[in-house]
Amino acid sequence: MITYMAEAPSDITQWQPGTSPVFFKVAESGKTSDGKWASTDILSADDSIYTFTVPASLKPGQYLVRHEIIALHAYVLL
């Protein structure tokens, strides 16, 4: 699971970012040292509630938050 943020240079309800790369990564979580996956084991155990900490170094303003869940799937042919 990856979390990105983007600062809106003006009123976020009117902002049109276009094609500019404005997002920056603020958090990520994958497989823990005890073998649990963030996007399945931990998220399921937390009733599908995901939290992250907003970096203290961010200046005040309006931001968009984008979460991504990337999953690897495998299957076995018999």
Student: Before you tell me yes or no, could you show the steps for Val22 and Glu7 under side-chain contact (heavy atoms from CB on, under 4.5 Å), namely the whole-Å CA-CA distance, both residues' side-chain angles and the distance that decides it to 0.1 Å?
Tutor: CA-CA 7 Å; Val22 296; Glu7 181 184 9; over 6 Å; no
Student: For residues Tyr50 and Thr3, determine if any side-chain heavy atom of one lies less than 4.5 Å from a side-chain heavy atom of the other.
Tutor: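 Tyr50 reaches Thr3 side chain to side chain.
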Student: Are any side-chain N or O atoms of Gln62 and backbone N or O atoms of Ile12, one a donor and one an acceptor, separated by less than 3.5 Å?
Tutor: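 Side chain of Gln62 to backbone of Ile12: a pair is present.
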Student: Shortest non-hydrogen contact from Asp41 to Gly35?
Tutor: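 Scanning both residues completely, I find the closest heavy atoms to be OD2-O, 4.2 Å.
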Student: Are His67 and Tyr4 an aromatic pair by the rule of ring centers under 6.0 Å?
Tutor: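 No; Tyr4 has its ring centre 6.0 Å or more from that of His67.
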Student: Heavy-atom distance under 4.5 Å between the side chains of Met5 and Lys25, does that happen here?
Tutor: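 Contact flag for Met5/Lys25 side chains = no.
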Student: Out of curiosity, does Ile69 fall in the hydrophobic cluster containing Phe52 (side-chain heavy atoms, cut-off under 4.5 Å, transitive links)?
Tutor: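 Yes; tracing contacts between hydrophobic side chains, which count when under 4.5 Å, links both residues.
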Student: Would you say the side chain of Phe23 lies within less than 4.5 Å of the side chain of Leu64, judging by non-hydrogen atoms?
Tutor: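 The answer is yes; the side chains approach within 4.5 Å.
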Student: For residues Leu43 and Trp37, determine if any side-chain heavy atom of one lies less than 4.5 Å from a side-chain heavy atom of the other.
Tutor: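 SC-SC contact between Leu43 and Trp37 ruled out.
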Student: Would you kindly confirm whether Met1 and Phe24 end up in one hydrophobic cluster when ILVMFWY residues are joined by side chain heavy atoms under 4.5 Å apart?
Tutor: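 Met1 and Phe24: one cluster.
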Student: Donor-acceptor pair, distance only, cut-off 3.5 Å: does the side chain of Asp11 make one with the backbone of Thr13?
Tutor: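 Such a contact is found between Asp11 side chain and Thr13 backbone.
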